[in-house]
Structure formats: C-alpha cells, structure tokens
S.K.: 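This is the structure I have questions about; it appears just below.
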Amino acid sequence: MSSATPVIEVEGLRKEYRRIRGRTTVAVDGLDLSVPSGGGVFSFLGPNGAGKTTTVRCLLGLVRPSAGQLRLFGVDTQRDLASVVGRVGSIVETPALFPGFSGRRNLALLGRVVGIGLRRVDEVLELVGLAERADDKVKSYSLGMRQRLGMGAALLRDPELLVLDEPVNALDPAGIKLLRRLGDEGRTVFLSSHLLGEVQQLCDHVTILARGRMIAAGPVAEVLERGRASGVLVKVADADRALDVLAQAGYTAERTGTASQDELRVSVAPARAAGITEVLAGARLFLHELRPDEIDLETVFLELTSEGGA
Amino acid sequence: MISLIGVEMRRGLARRSTRGLLAVALLGIAVIGVSIFVTSRATFDTAGGLAEAEADHNRVLADCVGSNGFGGEVRSPGPSLTEACEQAVPPPESFVRDNRFHLTDLWAVDEGDSILHVTAVFLVIGALMGGATFIGGEWRWGTITTLLTWEPRRVRVFLAKAAAALLVTFVLGIVLQALVGLSVLPAALWRGTTAGADAEWFRAASGAVLRASALGAGAAVLGYAVASIGRNTAAALGVAFAYVSVFEALVRALKPGWQRWLMGDNGAVFLTGRQLRTADFERTVLEAAVILAVYLAATLAAGAFVFARREVT
C-alpha cells in the first residue's frame with residue numbers, strides 16, 4: 001500500500017434492507033467517502049437513521065452492501081477483509097462483551113484469537129483506566145466503564161485505524177484527550193457521533209450524512225464556513241443610531257433578536273472588526289462589547305440536515 | 001484455527017450456562033450414588049433372606065397345587081400334581097430377593113436397561129442445550145459482533161465454535177460418566193457386588209461411555225447448528241423438542257418403514273450397540289453412526305451457510 005492510499009474509501013455505497021411483503025428500506029444511498037492516510041480524527045455525523053451505523057457495519061463486513069465498493073487500506077473488504085482487519089480496531093454501537101466474565105478475561109479471550117498476550121491486555125486496561133477493576137465482572141461495570149472496556153478491546157491490536165460508532169463515553173474529557181492523542185500519534189480515528197460540541201473540539205475532518213447520502217465533507221473549518229456568513233456581535237448604548245451609522249458606512253447589520261436590546265450582528269469577517277470600531281467611534285458611539293459570532297458545528301449540522309431533509 | 005478453537009473452548013467452559021449444566025449434572029450424579037447406596041442391601045445370603053425365599057417358594061408351590069397346576073398349565077401325565085408342581089416351581093434360592101447393587105448394572109452388556117442408558121439420555125439433552133446456548137448466548141449478548149470484527153472469516157469462526165462444542169462436550173461426557181461410575185462404586189463395594197465386572201465387561205462399558213460421549217458431542221453440535229440458524233437458544237430447543245416428540249412419533253405411527261432413518265432410533269442403536277426391540281430393522285453400530293453423521297453434517301452445513309450469509313445488525 002502506498003502512503004497515499006486512503007485508509008477508508010467508500011464508493012457508491014448503497015444498502016437496502018428487505019422488509020416484509022417485498023418492501024425495502026434504503027439505509028445508505030450512493031455514499032462516497034474517503035479518509036486519507038496520515039492520521040487524524042475524522043467524524044461521521046448524521047441524525048438517527050441517516051445510515052452511519054449501516055456504513056460502519058458494511059465497512060467491517062458485518063452487513064453486505066447492496067451496491068458499491070468499500071476499501072480499507074486499499075483492500076476490497078468484500079473480498080479480503082481478513083487481510084486488513086488486524087489493522088482496524090472498532091466499537092459498533094454498545095461494546096458487546098460477556099457480562100459474566102471479568103474485563104481482563106474478556107480482553108484476554110479476544111487477544112488469544114490473534115495471539116495477543118496478557119501483558120498487552122494489562123497495558124490496555126491501564127490505558128483506558130480500568131486496571132483496578134480488571135478482575136471484576138463486566139456486569140458490575142457502569143455504562144461508562146463498559147464503553148472504556150470496549151475502547152480497550154478496540155485498542156488491543158494496536159490498530160492503525162479506529163472505527164468508533166457512537167462512542168458516547170469515549171468522548172468524555174479523558175476520552176477526548178485519548179482520541180486526540182491517538183490521532184496525533186499518526187493513527188486514524190473514524191468516529192460517528194451525535195455529540196457535535198465534542199466532535200468539533202476533537203475532529204480534523206467531518207462528513208455529514210442525511211438520509212443515506214453525504215451532504216457535506218471536509219476539514220471542520222471548511223464545513224463551518226458553509227453555514228451562514230461570518231459576523232461579529234457588538235453591543236452599544238444606542239443600538240438604533242448604531243444601525244443607521246453602520247448602514248451609512250456600508251455594513252449590513254441587524255438586531256440579534258436576543259433579550260439584549262442593544263446587541264447587533266454585523267456581517268463582516270471577525271478579522272475586519274477594526275473597521276466597525278472606527279466607524280462607530282467616529283459617530284461617538286462607543287462599544288460595550290465586540291466579539292466574533294462563531295458558528296458552531298451543531299448549527300451547521302442542523303442547517304445542512306434540514307436542507308437535506310426538505 | 002487451533003488458537004480460535006482454544007479460545008472458543010475456554011469461552012464455552014467459562015460460560016455461566018455451561019457451569020450451570022455441569023452443576024446440575026454433578027448434583028444428579030451425587031443423587032444417583034447416594035440413592036443406590038441407601039436402597040441397596042448386603043443381605044443376599046443371610047439366613048433371614050433365605051427364610052423369606054423359602055416361604056415365598058412354599059406359597060407358590062401351594063398355589064400351584066391348589067389351582068390344579070395353575071389351571072392346567074402344569075400338566076402331570078406321569079407324576080402326581082404335587083410332584084409336577086415341585087418340578088415346575090423354581091427352587092427356593094430363586095426366590096431370594098437380591099437387593100445388592102451389582103456393578104454390572106452400570107452397563108448391561110446383552111440386554112435390559114442400565115444406569116448408563118439413563119444417564120446418556122440426560123447427557124444428550126444437556127449437550128443439546130449447552131450447544132444451543134453456546135451460540136444463542138453470543139447472539140443474545142451481541143458478542144458475535146465483537147468476535148466477527150476480530151475474525152471476519154465466518155465459516156472459520158463457525159467451524160471453530162462447532163469444533164470447540166464437540167471437543168468440550170465429548171471430554172465432559174467421558175468425565176461425567178466416569179463420575180457416575182465412581183458414584184456407584186461404594187454401593188458395589190459395600191452394599192453389593194462387583195461380580196461379573198471383568199475385563200470384558202469393562203471394555204464393553206468403556207465403549208458405551210465413549211459412544212454416549214460421542215452422541216452427546218453430536219447433540220451439542222446439532223443444537224449449536226440449529227441455534228445458529230435460528231439465532232436463538234429457545235428456537236433450537238423448540239425445534240429439537242418438536243422433532244423428537246412430534247415428527248419422529250408421527251413417522252413411527254404413519255410410516256413405520258422410515259423408522260430406520262430416524263435420528264432417535266439410530267441414536268439408540270449407536271448407544272446400546274444392540275438392535276431395538278421396538279423396531280423391525282437391523283442396524284450395526286457403524287451404520288447407525290454413519291446415518292447420524294450424515295444428519296449432523298447436513299445440519300452443520302446448513303448452519304454454516306446461514307451464518308456466513310447472515311447480516312449482523
């Protein structure tokens with residue numbers, strides 16, 4: 001595999017589930033996706049039923065696609081997943097481990113499948129913060145601990161690619177730090193999640209899915225720019241006069257509509273905010289506050305998915 | 001593949017359902033040992049036993065004479081009726097109630113039921129349940145998803161699990177039946193006899209133990225394969241119950257000629273090493289084994305086909 005070969009490639013993925021009386025449900029409809037090599041954290045966002053889990057299951061060979069190509073490290077997963085599965089660690093939805101076995105035993109049994117010894121198991125348990133509870137039965141673990149154990153199972157093979165489907169508790173502050181570190185170490189972390197705030201902090205790239213189709217993809221900053229135009233928020237004592245002054249100076253401004261009656265939103269890049277202060281100060285309107293109106297991933301996500309759904 | 005089988009064997013042995021079944025089996029073995037010991041009496045040749053036998057003999061003799069030779073069954077063309085009855089009624093020793101435990105009751109070589117016949121039936125039922133829950137539990141807990149993300153070659157996974165179920169059940173079958181033998185040994189030594197338990201009997205009993213264990217191992221794989229198809233333990237047990245209690249019963253009643261092909265009948269021939277009293281066909285142990293193996297292979301192939309194609313959602 002050359003270093004330029006994408007870690008994940010999905011081309012024209014379609015998955016239909018047959019229902020009773022010959023009806024079908026389309027879970028994924030012509031999805032294209034590419035995750036480049038070189039490490040980093042990539043997120044896969046979409047509302048419930050968008051097809052995220054189905055895509056992940058297709059990638060891992062758990063579900064057969066109706067059409068399309070899937071490749072991991074350049075290898076067609078429908079033909080030879082076994083040759084690359086050792087380079088992939090995964091959690092699909094809730095980590096499924098035997099509740100009657102201890103955390104250590106669960107990992108040890110998985111490790112034995114590919115000849116991983118107890119030393120590595122203990123390292124991983126330490127890494128995910130379960131060393132002290134390693135010999136307790138999994139059924140006594142909290143949901144968060146089970147998630148961390150699932151994360152440990154995914155990391156056991158020291159994978160180049162981590163595929164995490166809704167790793168809710170992996171996205172607590174410690175989990176974010178761990179995933180970020182894994183991404184910085186040169187591993188690729190591909191995660192689907194609905195926790196948009198955490199994803200924005202964590203991810204380098206994002207793909208947004210709605211109704212089985214990709215509707216946006218790219219670096220987080222680029223995707224954010226697809227939301228509404230950037231702007232700054234200003235607070236002045238006389239908002240009505242400020243609106244007039246700004247309009248005369250050629251700025252587009254409006255009240256924000258928040259409880260604060262003296263707050264305006266000016267459509268201008270934050271880097272050009274100095275011009276606003278100059279114009280308003282020239283009219284002896286002095287600012288109480290000026291800050292960039294940052295658009296967040298959640299807003300973009302809601303805008304894009306509602307467009308997709310329309 | 002070997003490591004995968006090893007993992008599956010460990011996983012199978014560590015499962016709560018396996019341990020539960022083993023606990024029930026050990027309890028059952030303890031009950032067998034204790035109940036046989038308690039109900040056996042070392043009184044075969046005591047004076048009291050012989051006196052009771054003499055009394056029983058005399059009562060039967062009197063009945064014979066009093067009923068004119070049991071209503072003419074005992075005829076006396078030459079000797080008197082009394083002499084004829086004395087010849088017809090067995091000697092007093094035959095009336096001794098032998099309450100001793102005979103070690104040879106563990107396995108009746110030629111005819112009659114024996115302890116291992118009964119325990120083998122329970123072994124087969126337990127093995128069927130164990131095999132079914134081995135894969136049914138994986139589907140129930142979703143752990144099959146985790147396993148398949150580690151080893152995506154599904155036929156390999158399926159066969160490794162089947163091999164693990166087969167090996168574990170076979171070995172456990174031998175161990176449990178050996179424990180049955182040990183559990184009745186005190187009764188044989190102190191409340192009975194080991195007469196007849198010679199080398200030939202021991203070979204025959206050992207062969208029976210191996211056949212019963214093989215039958216149990218086959219049942220475990222059968223339960224496993226059916227549960228793989230149904231993705232559910234209860235479904236497999238339901239199918240097994242319906243097959244044995246409905247399908248085989250109907251075939252025996254409506255198509256007696258097909259009885260020779262039934263799993264139950266061939267299983268009985270394989271286990272006992274004898275022809276069935278209730279059937280009019282002849283089978284050797286080898287023929288019965290081949291027929292059972294064909295059933296097993298077919299079910300296993302169907303299970304593997306479904307498992308390989310099933311979507312893990």
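By convention in this document, chain letters (A, B, ...) are assigned in the order of the sequence lines, proteins followed by strands, and residues within each chain are numbered from 1.
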S.K.: Under 3.5 Å, which donor-acceptor pairs link chain A to chain B? Give each pair on its own line with the distance.
M.R.:
residue   : atom : partner   : partner atom : Å
Lys15(A)  : NZ   : Glu311(B) : OE1          : 3.0
Lys15(A)  : NZ   : Glu311(B) : OE2          : 2.7
Arg57(A)  : NH1  : Val312(B) : O            : 2.7
Gly61(A)  : O    : Arg154(B) : NH2          : 3.1
Leu62(A)  : O    : Arg154(B) : NH2          : 3.1
Leu62(A)  : O    : Val312(B) : N            : 2.8
Arg64(A)  : N    : Glu311(B) : OE2          : 3.0
Arg64(A)  : NH2  : Arg309(B) : O            : 2.5
Ala96(A)  : O    : Thr146(B) : OG1          : 2.7
Arg157(A) : NH1  : Trp150(B) : O            : 3.3
Arg157(A) : NH2  : Thr149(B) : O            : 3.1

S.K.: Report the option among Leu62(A), Val85(A), Leu81(A), Leu60(A) that has the most heavy-atom pairs separated by less than 4.5 Å from atoms of chain B.
M.R.: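 When all of Leu62(A), Val85(A), Leu81(A), Leu60(A) are compared, Leu62(A) has the most.
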
S.K.: Could you tell me which residues satisfy ring-ring contact (aromatic ring centres under 6.0 Å, His included) with Phe42(A), sequence neighbours excluded, listed by chain and number?
M.R.: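 Result, ring-ring contact (aromatic ring centres under 6.0 Å, His included) vs Phe42(A): His205(A).
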
S.K.: Could you tell me whether Glu185(A) atom CD has more than 12 heavy atoms of other residues or ligands within 6.0 Å of it?
M.R.: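 Yes, because the 6.0 Å sphere around CD of Glu185(A) holds more than 12 heavy atoms from other groups.
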
S.K.: Holding to ring-ring contact (aromatic ring centres under 6.0 Å, His included), I want the full list of residues that pass it with Phe98(A), two or more places apart in sequence or in another chain.
M.R.: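 If we apply the ring-ring contact (aromatic ring centres under 6.0 Å, His included) test to Phe98(A), skipping adjacent residues, the hits are Phe101(A).
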
S.K.: Of all residues at least two apart in sequence or in a different chain, which pass the ring-ring contact (aromatic ring centres under 6.0 Å, His included) check with Phe190(A)?
M.R.: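 Scan of Phe190(A) (ring-ring contact (aromatic ring centres under 6.0 Å, His included), adjacent residues dropped) gives Phe44(A).
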
